[in-house]
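Letters A, B, ... mirror the listed sequences (proteins, then strands); counts begin at 1. Just so you know, these numbers come straight off a predicted model, no measurement behind them.
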Protein chains: 2
Amino acid sequence: MPYDPSAFPPFAVTVDLVVLTVRRHALCALAVRRGEPPFQGRWALPGGFVRADEDLSQAAARELAEETGLRAHDPSVPVQDNGAHLEQLATYGDPKRDPRMRVVSVAHLALAPDLPAPRAGGDASNARWAPVEELLEQGGYGRDGEPVAPLAFDHAQVLADGVERARSKIEYSSLATAFCPPEFTVGELRRVYEAVWGVALDPRNFHRKVTGTPGFLVPTGGTTTRQGGRPAQLFRAGGATLLNPPMLRPEV
Amino acid sequence: MPYDPSAFPPFAVTVDLVVLTVRRHALCALAVRRGEPPFQGRWALPGGFVRADEDLSQAAARELAEETGLRAHDPSVPVQDNGAHLEQLATYGDPKRDPRMRVVSVAHLALAPDLPAPRAGGDASNARWAPVEELLEQGGYGRDGEPVAPLAFDHAQVLADGVERARSKIEYSSLATAFCPPEFTVGELRRVYEAVWGVALDPRNFHRKVTGTPGFLVPTGGTTTRQGGRPAQLFRAGGATLLNPPMLRPEV
DNA sequence: GATCATAGTCGTCTGCCTGACGATAAACAC
DNA sequence: GTGTTTATCGTCAGGCAGACGACTATGATC
């Protein structure tokens with residue numbers, strides 16, 4: 001069968017971003033308020049159309065920079081600077097997921113340290129960090145008592161998939177350091193695990209585990225007392241990306 | 001900014017399939033010979049355009065059925081019948097990956113028991129099961145001495161990603177049973193692991209591990225001697241999908 | 001300054017799991 | 001019967017994780 005452009009239907013292709021961070025001991029995601037129909041006024045994940053000459057990862061990195069100012073990080077390089085970790089998550093293409101037209105969305109997952117404040121085109125009221133449980137619960141009420149509408153499109157599913165990916169990936173990789181500033185303490189790393197998994201971990205066993213895993217953490221020599229209590233050693237992420245044996249997520 | 005159809009470039013969206021099986025102690029993938037340019041005559045992964053009213057998973061299931069006759073399996077249901085396991089793998093959208101036009105391909109991974117023979121539109125010479133190393137090696141020679149050209153498009157990368165997904169996923173899930181017929185022995189399951197991982201496993205420790213993991217295997221009561229030697233107990237896949245603790249892949 | 005609260009770090013002990021490997025069992029080929 | 005093949009059970013030592021005690025070093029409070 002010869003090449004026939006009419007043989008396939010045209011699609012719009014977008015990238016959507018699940019940007020996760022840990023703020024105040026809670027796993028939070030970046031949400032933007034939609035300024036136009038459909039779902040006008042509702043919260044959604046940031047995203048946008050892929051341009052004609054762009055790769056998917058380029059489009060995701062561009063959107064991430066536009067929304068947060070973060071530079072994307074090459075996934076093959078260990079997390080060391082302030083660049084965020086960025087990886088492809090999954091692709092969503094239900095014919096009815098966008099009422100306007102046939103849109104296939106390639107969702108990406110970004111992990112970032114706690115950031116000052118989000119910006120969506122400079123308008124702070126249209127972007128926020130929200131705890132993922134708040135974004136995922138249907139018809140609940142937010143921290144300010146305002147009723148929470150479900151996320152636009154299928155973004156609740158996308159967010160849930162991204163959160164699950166992050167939860168499982170910090171088990172067997174050093175990705176949890178992507179949530180930390182360039183230098184961090186064992187306690188700060190432990191609080192990342194606790195926030196992402198939603199569990200409490202034994203500080204002594206956690207300390208033994210992470211400091212005993214070769215290549216996970218590299219001491220920088222400095223100490224800090226910013227958490228109160230005894231000063232803690234500062235570390236940065238080591239070269240290891242895969243943890244073997246993995247961190248163990250406690251049973252439910 | 002209002003809705004403007006001219007604001008986004010049109011894409012073609014396809015699904016490509018990495019169909020894996022275990023034949024003669026080797027991990028094999030389904031390859032089809034391209035009958036038209038580009039890459040005419042070269043081997044490629046099966047796939048095709050997503051139709052206008054189709055979900056991505058529907059399109060993948062349709063292509064799988066067209067190429068192999070396999071029914072796709074709902075991923076939320078444990079593998080029990082002859083349906084293949086089918087899951088989304090990743091999406092590839094380099095602007096230059098198809099010289100004709102802008103194509104975004106949503107690759108899917110299918111795992112199937114050993115099948116009689118592939119069929120590609122009824123023409124057997126245009127479809128085959130090939131060991132994945134043979135398909136991935138560049139410029140080598142196949143089993144029949146015929147020189148092997150690299151796979152078309154970026155399909156070598158897609159195949160490599162699919163193989164890596166399968167290799168890691170049988171560690172912590174019961175997916176290896178998707179390579180087995182409905183009833184199988186512990187030895188057959190072990191040979192699946194050995195073929196996918198490319199290692200030799202201790203039969204005694206493997207037997208202890210898989211029979212000791214709750215929900216992994218359910219004895220059917222029957223026995224078989226089709227492998228020679230002492231008759232082996234027959235099992236089918238249990239309800240468990242996640243293995244905890246996981247199977248451990250031996251070090252390199 | 002003594003005391004307390006907080007957080008970090010080092011050890012110990014016990015149980016479980018794994019890898020290595022010996023031994024036995026049940027079929028088939030000759 | 002003997003040998004071969006595969007299946008299955010057992011044993012043992014080492015490693016790792018969970019539970020938890022003990023000590024250290026800071027800031028806060030009295």
Side-chain angles (χ1 to χ4, degrees), chain A residues 24-25 170-172 180 183-195 197 199-236 240 242-252, chain B residues 24-25 170-172 180 183-195 197 199-236 240 242-252:
Chain A
R24 283 185 257 101
H25 293 204
I170 65 173
E171 286 188 54
Y172 58 89
C180 295
E183 292 198 344
F184 53 90
T185 68
V186 173
E188 289 165 349
L189 183 63
R190 175 170 48 83
R191 279 180 279 275
V192 165
Y193 274 91
E194 291 178 333
W197 283 346
V199 298
L201 299 174
D202 185 292
R204 297 157 291 191
N205 292 336
F206 184 86
H207 187 278
R208 176 183 60 190
K209 172 70 178 175
V210 297
T211 57
T213 300
F216 194 4
L217 300 182
V218 177
T220 64
T223 61
T224 184
T225 175
R226 62 181 164 225
Q227 299 290 337
R230 170 176 165 180
Q233 228 181 326
L234 282 170
F235 296 86
R236 55 182 177 78
L242 256 49
L243 306 181
N244 201 318
M247 303 290 301
L248 288 188
R249 173 158 35 163
E251 311 291 318
V252 183
Chain B
R24 284 185 257 102
H25 293 205
I170 65 174
E171 287 189 51
Y172 58 88
C180 295
E183 292 197 345
F184 53 91
T185 69
V186 173
E188 289 165 350
L189 183 63
R190 175 169 49 83
R191 280 179 277 275
V192 165
Y193 274 90
E194 291 179 333
W197 284 345
V199 298
L201 299 174
D202 185 290
R204 297 157 292 190
N205 293 335
F206 184 87
H207 188 278
R208 176 183 62 190
K209 172 70 178 175
V210 297
T211 56
T213 299
F216 193 4
L217 301 183
V218 177
T220 65
T223 61
T224 183
T225 175
R226 60 183 167 226
Q227 298 290 336
R230 170 176 165 179
Q233 229 183 324
L234 281 170
F235 296 87
R236 54 180 178 78
L242 256 48
L243 306 181
N244 201 319
M247 304 290 301
L248 287 188
R249 172 155 42 160
E251 310 290 319
V252 185

Q | d(CG, A:Leu248; P, D:dA19) in whole Å | A | 12 Å
Q. Which of residues 214-229 of chain A have a heavy atom under 4.0 Å from DNA chain C?
A. A:Gln227, A:Gly228, A:Gly229
**Q.** Contact summary for A:Val186 and A:Phe206, nearest pair of heavy atoms
**A.** O-CE2, 3.6 Å
Q.
Between A:Lys209 and A:Pro245, is there a side-chain heavy-atom distance shorter than 4.5 Å?
A. yes
**Q.** Closest-nucleotide ordering on DNA chain C, the 5'-leading residue of B:Pro231 and B:Met247
**A.** B:Met247
Q.
If I take atom CG in residue A:Leu201 and atom C1' in nucleotide C:dG8, what distance separates them, rounded to the nearest angstrom?
A. 16 Å
Q) Quick one: CZ on B:Phe184 to CZ on B:Arg226, what's the gap to the nearest 0.5 Å? A) 10.0 Å
Q. Is there a residue in residues 203-213 of chain A whose heavy atoms reach under 4.0 Å of DNA chain C, and which residues are they?
A. A:Arg204, A:His207, A:Arg208
Q) Starting at CG of B:Leu189 and ending at C1' of D:dT8, how long is that distance when rounded to a whole Å? A) 16 Å
Q: May I have the step-by-step check of side chain to side chain contact (heavy atoms under 4.5 Å, CB included) for B:Thr223 and B:Leu234, ending in yes or no?
A: CA-CA 5 Å; B:Thr223 61; B:Leu234 281 170; 5.7 Å; no
(Q) Quick one, A:Arg249 and A:Tyr193 - any side-chain contact, counting heavy atoms below 4.5 Å? (A) no
**Q.** Between P of C:dC10 and CG of A:Asp202, the distance in whole Å
**A.** 14 Å
(Q) For a quick check, tell me whether the side chain of B:Arg230 and the base of D:dA7 share a donor-acceptor pair closer than 3.5 Å. (A) yes
Q: Could you tell me whether a side-chain N or O of B:Glu194 sits under 3.5 Å from a main-chain N or O of B:His25, the two making a donor and an acceptor?
A: no
Q: Check whether any side-chain heavy atom of B:Met247 lies under 4.5 Å from a side-chain heavy atom of B:Trp197, and answer yes or no.
A: yes
Q: Using atom CG of A:Leu243 as one end and atom C1' of D:dA17 as the other, report the distance to the nearest whole Å.
A: 15 Å
Q) Starting at CD of A:Gln233 and ending at C1' of C:dA7, how long is that distance when rounded to a whole Å? A) 14 Å
Q) Are any of the side-chain heavy atoms of B:Leu189 and B:Leu217 separated by less than 4.5 Å? A) yes
Q. Going from OG1 on B:Thr224 to CD on B:Gln233, what distance comes out if it is rounded to the nearest 0.5 angstrom?
A. 12.0 Å
